[in-house]
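Notes follow once the structure below has been shown.
Naming convention: chains lettered A, B, ... in sequence-line order (proteins, then strands); numbering from 1 in each chain. What you see is a predicted model, and the numbers here were worked out from it, not measured in a lab.
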Amino acid sequence: MDILITGILLGATYSLIAMGLTLQYGVARIMNLANGEMLVAGAFGAFWVFTAQQASPFAAALVVVPGAFALNWLIYRYLLRPLVRRAKNRGMLEVDSILATFGMSFVLVGIMLMVFGGGYFTYSYLAEPFEILGSPFALNRVVACLVAVAISGLLYWGLNGTRTGMALRALAVDPAAAGLVAIDVPRMSAFSFALGGAVTAAGGIVLSTFLTMDASIGVVFTMKALIIVIMGGVGDVRGAIVAAVILGLAETAVASLIDPGLTLAAAYLLFVLVLLLRPEGLFGRRQS
Amino acid sequence: MYRRTALKLAAAAALAGALPLGFVHAADPIKIGAVAPKTGPLAGGAAITHWPNVQLWVHQVNERGGLRMKDGGRRKVELIEYDDRTNPGETIKAVERLATQDKVDFIVAPYGTGLNLAAAPVFAKYGYPQIACTSVTDKVPELTKRYPSIFFTLGTTTAFANSVAEVLNKLRAEGKIGNRVAMVNVADAFGIELAEAARPIFKTAGLEIVYDRSYPLGTQDLSPIVKGAKAANPDAFVAWSYPPDTFAITEQSKIEGMNVKAYYTAVATAFPAYRGKFGKSIEGHLGAGGVNLDTSEMKAYLAAHKKVTGKDADYWASPVTYAGLQVLEQAIEAVGTDRKAVTEYIKKATFKTVMGPWKFVNQSIHDFWTVGQWQKGLFHGVSSTGLPGAKPVIAKPGW
Amino acid sequence: MSRAEIRSLTLAAAAFALLAFLPFLKDSGYLLSVSVSIAMYTVLATSWALFSGPTHYISLATAAFYGLGAYVVAAGIGAISYPLLLALAGTAGAVLALAVGVTTLRLTGVYFVIFTLGLAELIRQVVTWVQNNLTGSRGMYVFTEITERIIYWELLGLAALVYLVGWLVARSRLGFALHIIGNDELVAAHVGINSAAAKLILFVISGVFAAVVGAVMAPRYTYIEPSIVYSPELSFQVVIMALLGGAHRLWGPLVGVIPFALLWELIAARFPTQTVLLLGVAFLLIVYLIPHGVVGRIEFALERLRWGTRRG
Amino acid sequence: MAERTVLDVQSVVKRFGGLLAVDQLSFAVRQNEVLGLIGPNGSGKTTVLNLISGVFKPTTGDIYLDDRLISDRPARHIARAGVGRTFQLVRILPSLTVLENVMAGAVFGHKRLWGREARKYAERQLERVGMAHAMGMATAALTYIDEKRVELARALASDPRVLLLDEWLAGLNPTELQTGIALIRSLREEGRSIVLVEHVMDAIRSLCDRCVVMSGGVKIAEGAPAETLADREVIRAYLGDEDA
């Protein structure tokens, strides 16, 4: 039971890491290697609000989330759109976006280094036991889980219950066809990229309450997010969440029952196996 | 902020150039190179223990007019710094660049065991003394034989494990704890070495290891391991950990209510951020390092560190790094900028440092702090390999 | 062999011979250390492109092979002679590449990209765990008499070898087959090509090279840490340099590696406090201003030149 | 009809999920024979070619080439055994030259030549399809019709026993059509067997020895072109109650 709850809490953490990238990669087709840096930037915002303003780190969301949305919109509009336009096919766009966002991740690390310095930043917020079924769990992780549920619920509703969401899903399936049915593809792509950035930054705020970070740690999150997104199936928010929870459960189970030294090995093994058995990911559509 | 130093330096240099020559022509500055991570996995640690001390030292030396040379003249210090992005290949290149392009007089040793050892052949090739203040290794005899200009100051993994065993046994003798130890380690170089050293030592010391597990670097949730350790019902908890996980393990232990009377985490326990994060609940926590806070030198150092860099120094590698620079400073003042002479001088002389008097025996300092403990908001040394001023160990109260 | 081929072979041989004298230059230490990293990335990126250029598979597993090679040396040094260790590292690389290739080459596109990334991490975790639980600290130090100079020569030799292999492959049925596979795998099957085998052979070749490079570099580090030899940054840099140069020509990665390495060196030396920021900016400029890689630019220029002369 | 059977399709069924694309299809192709495979769009003709050439494996049923079972083999083995094909939507190899495109067939196919030999052989095939002038050209410069010829040359370069042509004559103008028909006829005369998926009725009438008519995945008629095309069932399949 402990394993189940701990695993779900960890899975929620992972889904916070990965949800933004699902939108950016699945819909806007940008394999964003600078995604982790956006997460760290969000975390920095929360840290600053907590230490300098002495306010709840969640207050940072009021500034960080719209800020990240705007920033990512601009990034897409002025840096990525030209790549989309010049790419002849999806493969070329993939190569170009890998190269471009790799460069961006360096720029973002550089900026954060200038602004915040290179040291660790960590603080204590809601780091108190919270009893579930008689066992203590970290309250900040429980809160993170609730936030993850809220964000994914909103996204799910947004994607499935609104016109914009339908347009986004159409885009995820086939941008060319989406263009034919009068969906404004560039605008929708920019929107989903920006939304993905905002969700990622929001995840960063939540994660900063229990993870210790520094300016150059973003790549760790990017890699995890890529793996979760691919495992879940590109462009499927539901898949990303399921994959995140599966990874969380697997890591916790291995850590508790076998050997904590093998947790990450188990996670990657699981990922590798999923891809071998279902190359399109858990919820992906098979391409012929 | 290093830029600020550079700017100040530039301003000072411009000023010196503009001033009419009053006294003896101010000699060329001594060029000091420094290469360490500003980015990459080790950047967080370097930003706390390495760079601020380099900055502090350069600032202080120049503020007092520069290094006082044998001939009575003063020479200021000019710092050239590079970021190796925690990549040993970059470290090697940067040291080569400092040696052959910038032609610096001396080079501050890089940061961390791996980067120092990667750079050691280059230091040796050009005869630069390498006072490796942030390296902990058990291969000191081999390394010093191989590289005649390398110096170690921070200690050996065996000594660290020995001291932890001693501290635990002291508490046991006082009847405060039993002999059950839960031990975890991060599966990266330093963590693996420490755990490896500790296993036989703990056994010989009569301590029973009831839980012994590693976890990968970058693990995001350490609660299973803390739960596992707690379930083994230990009297003492020892984590050979790195900075990010030291924070995570401590937070999780607090949440799980791991009520052991002896609680040890390794690197980063001595960081001011550790106290900043956990406040009063870290009373009685043991960690790697420690200092003698009662000496006036240490007090002055801590105050200056805060004043110049705007941050608190940590209570382990920070003063050791600074002391390494003091060694360099005193050696240059004694024999000049001839690197060979400086190296020989370091091997023989005794130095007055913030860590107390330092004398290298076989190129390494044999008296160093190994275990410190948070007592009333300060991290005191409680165990060492023969240094005076150790505080008595206390049992950890509840959280 | 045509006359043009003989001429370029002779030129290449002469260039390698000339480069081999670099360590004898006065004060060459810095130059040498820069050259070592250029040579290292040349071998890695070229061997990477041998596989990825024609097949368009982007592999992020370079670090897995590199780390494996380094660990083979770290584990065996002292007990086994160094040349034998290099051979062992190569063999280990081949075995790993074979195992990986057999299971994964049916994945395509981004799935393969991320798969290789995950795989590299998996191997790193397993190696670390084995080291932690079975070997302890033994085997993390690599004490040898091998100097930077020797490493440079070894890398130079490997570079010559990788070019030779690349040249031989390009002249062979295998090279032709890969070219076809890269164009259209269905057609490849319908003209009777065993594309799985062809891809596998090349994947193994590039894996062997990466493992041997790791083994060659191990003595340079002295101290082997998983976080350093299995660094994903290495995999990314190899991909990026190769793509930047142009992966569809044998000499493509080289024209990516050299300017890239020199530019990065320049930035690292001139702007030590803002290195990462400026690296990023420089990188973005390259991506946006040289869209088809350096090779694309050169070929474009050559084309223009040709047209120009024809008209004039 | 003394010629022996080269290609034998026996009760082949192909399902894609719930869709039955080919149902219990059997036919045989003899040496020196041109077999027309005809039927309305979506009747499963291309699927049959894909089953023969090994793009798909039959769900049930067998395909034999010279009494050797080929339907359980991968496409490359089938190609090497002597089955060559063209594609409905031309598949040219864009980054290879025209000559290299053709050499691909000669090097790896049934023939397996290399070096000068392969080049010479490929050149001959290009001459044969009337593309000798284009040898060194980049494929980007080719018209659609030329691409089709190059593709045929590639298939021929492997010296196939059985040649599968998927609407190869579609889109040709009347003169080109005549050359095309003559070319195919000459191929038959070399002893090859040809399976022709085609909509151009003139070509079918003048080329085919026999026709197999498919509709909805089922064979509805088989026989000489004149008879089969007059069959009521066939006419209904083409013109009848189809609403497409």
Side-chain angles (χ1 to χ4, degrees), chain C residues 1-5 49 52-57 102 105-106 108 167-202 246-250 252 292-293 295-296 299-300 302-304 306-307 310, chain D residues 49-50 52-56 73-97 99-119 122 138-139 147 150-151 153-160 163-164 166:
Chain C
M1 227 186 287
S2 75
R3 194 175 294 170
E5 278 174 330
S52 298
T55 58
H56 305 299
Y57 277 67
V102 165
L105 284 172
R106 65 202 188 89
T108 51
W167 184 72
L168 287 175
V169 166
R171 284 168 56 90
S172 70
R173 256 174 217 269
L174 178 63
F176 191 42
L178 282 164
H179 207 155
I180 297 166
I181 294 166
N183 271 275
D184 190 331
E185 209 155 316
L186 188 72
V187 170
H190 278 89
V191 296
I193 293 170
N194 186 346
S195 40
K199 285 189 274 187
L200 194 59
I201 293 171
L202 266 290
H248 61 289
R249 290 269 180 271
L250 186 56
H292 301 292
V295 168
E299 282 178 345
F300 182 67
L302 284 178
E303 199 74 5
R304 273 242 293 252
R306 234 172 261 156
W307 276 103
R310 228 176 266 174
Chain D
L49 290 199
N50 284 338
I52 299 172
S53 77
V55 178
F56 307 129
R73 322 253 41 209
R76 61 174 193 277
H77 286 195
I78 297 172
R80 280 189 216 163
V83 177
R85 75 170 290 182
T86 67
F87 294 89
Q88 189 178 359
L89 297 170
V90 185
R91 299 185 87 111
I92 220 80
L93 305 166
S95 81
L96 275 63
T97 65
L99 183 64
E100 285 170 336
N101 257 282
V102 180
M103 278 173 68
V107 171
F108 301 101
H110 191 35
K111 248 191 123 88
R112 302 193 77 71
L113 303 170
W114 182 236
R116 226 176 101 79
E117 260 183 295
R119 174 177 300 269
T139 50
E147 284 184 348
V150 171
E151 201 184 33
R154 183 174 70 210
L156 286 178
S158 68
D159 192 17
L163 187 59
L164 313 174
D166 199 347

Whatever's closer than 4.5 Å to a heavy atom in chain D on C:A188 counts as neither
For the atom pair CG (D:N50) and CG (C:L186), what is the distance rounded to the nearest 0.5 Å? 7.5 Å
Kindly write out the residues that satisfy ring pair (Phe, Tyr, Trp, His ring centres under 6.0 Å) with C:Y57, not counting sequence neighbours, or none if the list is empty. C:F51, C:F112
Within this structure, what is the CE-CZ distance for the pair D:M103 and C:F176, rounded to the nearest 0.5 Å? 5.0 Å
Is a side-chain N or O of D:R80 found less than 3.5 angstrom from the main chain of C:G192, in a donor-acceptor match? yes
Within residues 86-96 of chain D, contacts to chain C at heavy-atom distances under 4.5 Å involve D:F87, D:R91, D:L93, D:P94, D:S95, D:L96
Would you say D:R119 has more than 12 foreign heavy atoms packed within less than 6.0 Å of its CZ? no
Indicate yes or no: at least one non-hydrogen side-chain atom of C:V187 is less than 4.5 angstrom from one of D:R154. yes
Heavy-atom side-chain proximity of C:N194 to D:F108 below 4.5 angstrom: no
Do the side chain of D:R76 and the main chain of C:V191 share a donor and acceptor less than 3.5 angstrom apart? no
Chain C heavy atoms under 4.5 Å from D:L113: which part of the residue, side chain, backbone, both or neither? backbone
Engaged part of D:E151 at the chain C interface, taking heavy atoms whose separation is under 4.5 Å: neither
Given side chains that start at C-beta, do those of C:H190 and D:V55 come closer than 4.5 Å, heavy atoms only? yes
What's the shortest heavy-atom distance between C:A189 and D:A79, and which atoms? O-CB, 3.9 Å
